Number of protein chains: 2
Amino acid sequence: MLADLRRPERTFTIRQLCNEFKATPRALRFYEDKGLLTPAREGLNRVYSHKDRVRLQLILRGKRVGLSLSEIRELLDLYDENDDGAAQMARSLKKFRERATALEQQREDIDGALIELREACARLERRLAEIRPDLLPRAADYDQVLRARLDGHADAALGK
Amino acid sequence: MLADLRRPERTFTIRQLCNEFKATPRALRFYEDKGLLTPAREGLNRVYSHKDRVRLQLILRGKRVGLSLSEIRELLDLYDENDDGAAQMARSLKKFRERATALEQQREDIDGALIELREACARLERRLAEIRPDLLPRAADYDQVLRARLDGHADAALGK
DNA sequence: GTCAACGTTTACGTAAACGTCAACTTGATC
DNA sequence: GATCAAGTTGACGTTTACGTAAACGTTGAC
């Protein structure tokens, strides 16, 4: 078929990519503004190629692991200008490792905060139990809260 | 002695508190602007009381665990208007628990990102080893990076 | 007397990643 | 031909926690 999804000639509209990757048109235009994407034009309208789609995937993957858009752009630039891609892969590897150590550091910081929080909670619980046990919020009250958060705020943890 | 540090009449200058808690004058004035602190005045100069000092401690503790200034203000307001403080303690406990679950969620998100990162690293390492083993950055190269980060960016992990 | 060191206020700057109008064009449809 | 959906380009708004001058007053040391 002419419209085979896998054929490299296949092109995409902005909304198709937005639907596929759950992004907003504003976001894609923003990435273009920042030089992360350079789709072709058909009159005024943007036409995204297969390569553009790959780039978008890389952008979103980079975001998921907490890279900034400018960092992502640097990596994408290397994909382009470099022939074999080896040097670029080395750079990417370096970036990824740096990001990994940064994330590990964040985890430790969070663990520290959690320790402080649990201590504070314990103090409050003890004192409330003494004075006004009726006001003591039961942990069970948070089942709703937990359930409400089951859908993914997966990005919120990475410095947004 | 009249100047006993523990005497409630003891007052503090802005710089004394800044030194004690490693904050900047700008920060304390900012907190005042936001209604978190209301030190007395001696002419133009701010005079911090014992209670102000306690409030500042609470502010900084709240920040350490990732509360926003507006959240902190809400809690502080309750300290004031409430007589026995029981209701306020219940509210604080609730906030703290919420923050704890949010932090736990962040940890999971970070873990997810780390998994993705390690997979990407592994792929890159394998391919680089094939093609250009000489470009493969050794993990040992990051000893400096690790050392450089040993001083506390403990706040950076909490959404700044 | 004058310089440094501290204090004050007002107010603009910053960084990230878009959201949110507003105003307009284009193509398709009834 | 009027309308409608979807696209476009600016350009300003949002959020957070201060940093950073600018311009000025007060006090103590020398």
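Fair warning: this is a prediction, and the values are worked out from it, not measured in the lab. By convention in this document, chain letters (A, B, ...) are assigned in the order of the sequence lines, proteins followed by strands, and residues within each chain are numbered from 1.
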Sole residue of A/Thr13, A/Thr11, A/Ile14 in side-chain contact (heavy atoms from CB on, under 4.5 Å) with A/Tyr48: A/Ile14

Atom NZ of B/Lys51 and atom CZ of B/Arg55: how far apart are they, to the nearest 0.5 Å? 8.0 Å

Hydrophobic cluster identity match, A/Val54 and A/Met89, side-chain contacts under 4.5 Å: yes

Which atom pair, heavy atoms only, marks the closest approach of B/Leu37 to B/Leu28? CD1-O, 4.3 Å

With sugar-phosphate meaning primed atoms plus P, OP1 and OP2, does B/Ser70 contact a base, only sugar-phosphate, or nothing at under 4.0 Å between heavy atoms? nothing

Rounded to whole Å, the CG-C1' distance (A/Asn19 to D/dG7) equals 14 Å

Lys/Arg-Asp/Glu bridge criterion (N-O < 4.0 Å) met for A/Arg64, B/Glu119: no

Measure the distance from NZ on A/Lys22 to P on C/dC18 and round it to the nearest whole Å. 16 Å

Is the shortest distance from a Lys or Arg side-chain nitrogen in A/Glu125 or B/Arg97 to a carboxylate oxygen in the other one below 4.0 Å? yes

Which protein N or O atoms sit under 3.5 Å from an N or O of nucleotides 3-6 of chain D?
none

Please state whether the phosphate of C/dT8, meaning OP1 or OP2, lies under 4.0 angstrom from any side-chain nitrogen or oxygen of B/Arg46. yes

Looking at residues at least two apart in the chain, or sitting in another chain, which of them share a salt bridge (Lys or Arg N to Asp or Glu O under 4.0 Å) with B/Glu32? B/Arg41, B/Arg46

Rounded off to whole Å, could you give me the CZ-to-P distance for the B/Phe21 and D/dC18 pair? 15 Å

Indicate whether OP1 or OP2 belonging to D/dG19 is found under 4.0 Å from a side-chain N or O atom of B/Thr24. yes

Mind listing the residues from residues 25-40 of chain B sitting with a heavy atom below 4.0 Å of DNA chain C? Number order is fine. B/Arg26, B/Arg29

How far does CG of A/Leu136 sit from CD of A/Glu130, to the nearest 0.5 angstrom? 11.5 Å

Would you mind reading off the distance between B/Glu42 atom CD and C/dG7 atom P, rounded to a whole angstrom? 13 Å

B/Asp33/B/Arg29 salt bridge by N-O under 4.0 Å criterion: no

Please produce a list of atom pairs where a protein N or O lies less than 3.5 Å from an N or O of nucleotides 23-25 of chain D.
none

Length of the CG-P vector between B/Leu56 and D/dC18, whole Å: 11 Å

Apply salt bridge (Lys or Arg N to Asp or Glu O under 4.0 Å) to A/Arg61 and list each qualifying residue two or more places apart in sequence or on a separate chain. B/Glu116

Quick note, A/Leu69 side chain, CB onward, closest among D/dA17, C/dC18, D/dT9 is C/dC18

Quick one: do the B/Gln88 and B/Ser92 side chains pair a donor with an acceptor below 3.5 Å? yes

Euclidean distance, atom CG of residue B/Asn45 to atom C1' of C/dT8 [Å, nearest integer]: 7 Å

Value rounded to 0.5 Å, distance of CG in B/Leu135 from CG in B/Leu128: 6.5 Å

Round to a whole Å and report the spacing from CG of A/Leu67 to C1' of C/dA16. 14 Å

Whole-Å gap separating C1' (D/dA17) and CD1 (B/Ile59): 13 Å

Based on the rotation axes of five pairs at each end, what angle does the helix from C/dG1-D/dC30 to C/dC30-D/dG1 bend through, to 10°? 30°

Rounded to the nearest 0.5 Å, how far apart are SG of A/Cys121 and CG of B/Leu93? 5.0 Å

A/Arg99 with A/Glu71: basic N within carboxylate O range, under 4.0 Å: no

